[in-house]
Amino acid sequence: MKVKRLLLIIILLVICNGCVPDSRELDQRSMIVGMAIDKGEEKSYAVTVQLPILTEGIGQGVEAAPGGQEFEAFHEEADTIWDAIVKIESLTPTVLFFGHLKAVAISEAIAREDLEKVINFLDRETTVANQVYLLVVEEELATDFIKRESPLVQLPALYLSRFFDADQKVARAQGVKLFEFLRDSNMISGAASLPLARSKGDQMEIDGMAVFEDYKMAGKLLEREVGISELLHDNEISSMNYTTVLDHNGIKTTVSLTRMNLRANIDYKKSKPVNFQIDVKGDAEIIDVATVKELTDLEFISKLETKMEKELKGEIERTTAKMQEINVEPWLLGHRVWATAPTYFETLNWNKTGWRNAQFNIDVTFNISNTGQRGKYDKRKIGR
């Protein structure tokens, strides 16, 4: 018994001592919360890291700086990402630490040509969590975007993290984490997607998705295409917003729908080319319509449901056709075929002509679950 206790104590001491070399107080670390990667002007890469400004508190530990700017950005260029970070560390009094990294902004120039090296670095650095968010910045340098302060959240990296963590966002830019991008990129089609971001005045706008094949940006999904992409990838989408125009009794009426939920059942037939069967069921609530009377009109509701079925089918057809045109399939459809019928999949020549020539049969059933009306306003007294 004493021998077992002694062995247990020795093991515990070894474990504890193994942690000592990297045990540092918070004020001995520079916590990187955001990072931007661009093409350098003189070197291959330009790297910017965002550090929160901390000051020593009255007691132990650290606290946020009182007033003024809440973060500082450090920028360096080098021929490798790691060498740029080493240069940045020489400018700080403490050790750079990636354990609190929230988001990495990547310029469109890097996304189109050199994303694989960025992903490789993030995946190999053990202190970078696989939950970190990735995004592509359009029309400007990623370093300028990551420095932009929002009136709502002054720390830009924290703003990005909160944007993607928020449930039921009206915007249809889906957050993508490092492990999710790696997972999809390693599937049979080698395709994945990342949210698109840009500056809009003093604000950050995040809308749309960049589509990648073999770690190179090949196209973009915009507006409603993003929602359809999420539906095809995840087999469902919730809290989508949609506006359409309905011709009823010779009058064109604009109708806005909210809390739209769509569920897809996807199957395929072993034909050449492959034929995908996509059955979609959906429902939504009316949130905005021109007049009160039309909310109580059952014929109006029926026409709206029929129109939505036709429009959603058209949206799916246009989105799949757009991806077939650039021959990129980011929804794991090919992977489903490969996983369930590998011998048949080998006959399709998927990456060259299999996806480009794939056929689709699409059926949509749609229901208005709630008109949003609290009561009928055209009531009459009984007997009149």
- prompt: Would you call Lys177 and Asn130 a side-chain contact if the rule is heavy atoms closer than 4.5 Å?
  reply: no

message: Using 0.5 Å steps for rounding, measure from the CD atom of Glu329 to the CH2 atom of Trp350.
response: 5.0 Å

field: Carboxylate-amine/guanidinium contact Lys303 Glu299, below 4.0 Å
entry: yes

- prompt: Does the side chain to side chain contact (heavy atoms under 4.5 Å, CB included) test come out yes or no for Leu348 and Val337, once each step is laid out?
  reply: CA-CA 10 Å; Leu348 295 176; Val337 180; 4.2 Å; yes

query: Going hydrophobic residue to hydrophobic residue with side-chain gaps under 4.5 angstrom, can you get from Ile110 over to Val176?
result: yes

query: Can you name the closest pair of heavy atoms from Leu304 and Ile286 and give their distance?
result: CD2-CD1, 3.8 Å

task: Flag the pair Phe360 / Tyr268 as yes when at least one side-chain heavy-atom distance between them is below 4.5 Å, and no otherwise.
output: no

task: Might you confirm whether atom CZ of Arg259 has over 12 heavy atoms from other residues, nucleotides or ligands at distances under 6.0 Å?
output: no

message: Less than 4.5 Å apart, side chain to side chain, heavy atoms only: is that true for Glu180 and Asp184?
response: no

statement: When every non-hydrogen atom of Phe276 is compared with those of Ala358, the smallest separation belongs to CE1-CB, 4.1 Å

- prompt: Is the centre of the Tyr133 ring less than 6.0 Å from the centre of the Phe163 ring?
  reply: no

query: What's the spacing between Lys307 NZ and Lys310 NZ if we round to 0.5 Å?
result: 8.5 Å

query: What are the two closest heavy atoms between His100 and Met31, and how far apart are they?
result: CD2-SD, 3.5 Å

task: For Trp331 and Ser229, run side chain to side chain donor-acceptor pair (under 3.5 Å): C-alpha distance rounded to whole Å, both residues' side-chain angles, the deciding distance at 0.1 Å, then the answer.
output: CA-CA 7 Å; Trp331 306 309; Ser229 178; 2.8 Å; yes

message: Between Thr319 and Ile316 (side chain of the first, backbone of the second, donor and acceptor by atom type, cut-off under 3.5 Å), is there such a pair?
response: no

message: For Asp288 and Val255: C-alpha separation, side-chain torsions, deciding distance, then whether side chain to side chain contact (heavy atoms under 4.5 Å, CB included) applies.
response: CA-CA 6 Å; Asp288 189 10; Val255 184; over 6 Å; no

query: Under 30°, 30 to 60°, or over 60°: which ring-plane class applies to Phe300 and His248, parallel, tilted or perpendicular?
result: perpendicular

query: Is Val274 linked to Met187 within one hydrophobic cluster, defined over Ile, Leu, Val, Met, Phe, Trp and Tyr using a side-chain heavy-atom separation of less than 4.5 Å?
result: no

field: Neighbour count above 12 (heavy atom, 6.0 Å) for Ile188 CD1
entry: yes

message: I'd like to know if the side chain of Glu311 reaches the main chain of Glu315, judged simply by a donor and an acceptor atom lying under 3.5 Å from each other, with no hydrogens or angles considered.
response: no

field: Glu139 side, atom CD; Ser199 side, atom OG - distance, nearest 0.5 Å
entry: 9.0 Å

query: Is Leu135 reachable from Leu141 through a run of hydrophobic residues whose side-chain heavy atoms are each under 4.5 Å from the next?
result: no

- prompt: Side-chain heavy atoms under 4.5 angstrom apart, residues restricted to Ile, Leu, Val, Met, Phe, Trp, Tyr: same cluster for Met35 and Val86?
  reply: yes

message: Assess, by modelled atom type and distance only, whether the side chains of Asn265 and Asn235 contain a donor and an acceptor separated by less than 3.5 Å.
response: no

task: Using a cut-off of 6.0 Å, state whether more than 12 heavy atoms not belonging to Lys147 lie near its atom NZ.
output: yes

message: Tell me whether Arg198 forms a cation-pi arrangement with Phe145, defined as NZ or CZ under 6.0 Å from the six-membered ring centre and within 45 degrees of its axis.
response: no

- prompt: So which of Thr243, Asn241, Ile368 actually passes side chain to side chain contact (heavy atoms under 4.5 Å, CB included) with Leu257?
  reply: Ile368

message: Taking the basic N atoms (NZ, or NE/NH1/NH2) and the acidic carboxylate oxygens, is any pair closer than 4.0 Å for Arg263 and Glu236?
response: no

message: Determine whether Lys272 and Thr347 satisfy the following criterion, side chain to side chain contact (heavy atoms under 4.5 Å, CB included), listing intermediate values before the conclusion.
response: CA-CA 9 Å; Lys272 290 187 180 180; Thr347 68; 3.4 Å; yes

- request: Please report the shortest heavy-atom distance between Leu178 and Ala129, naming the atom on each side.
  value: CD2-O, 4.2 Å

- prompt: Same hydrophobic cluster for Phe179 and Ile106, using side-chain heavy-atom links shorter than 4.5 Å among ILVMFWY?
  reply: no

field: Glu205/Lys200 ion pair, N-O < 4.0 Å
entry: yes

message: Quick test of your reading of the model: are Arg318 and Glu225 salt-bridged, counting only N-O distances below 4.0 Å?
response: no

task: Determine, stepwise, if the pair Asp279 / Gln277 fulfils side chain to side chain donor-acceptor pair (under 3.5 Å).
output: CA-CA 6 Å; Asp279 296 318; Gln277 178 66 43; 2.9 Å; yes

message: Any carboxylate oxygen within less than 4.0 angstrom of a Lys/Arg side-chain nitrogen, looking at Lys220 and Glu108?
response: yes

query: Do Tyr45 and Asp114 have side-chain atoms, one donor and one acceptor, less than 3.5 Å apart?
result: yes

- prompt: Which pair of non-hydrogen atoms, one from Ala105 and one from Ile146, has the smallest distance, and what is that distance?
  reply: CB-CD1, 4.3 Å

- request: Show your reasoning for whether side chain to side chain contact (heavy atoms under 4.5 Å, CB included) applies to Thr253 and Val245.
  value: CA-CA 5 Å; Thr253 304; Val245 177; over 6 Å; no

Salt-bridge contact Lys216-Glu116 (side-chain N to carboxylate O under 4.0 Å): no

field: Shortest non-hydrogen contact from Pro330 toward His233
entry: O-CD2, 3.4 Å

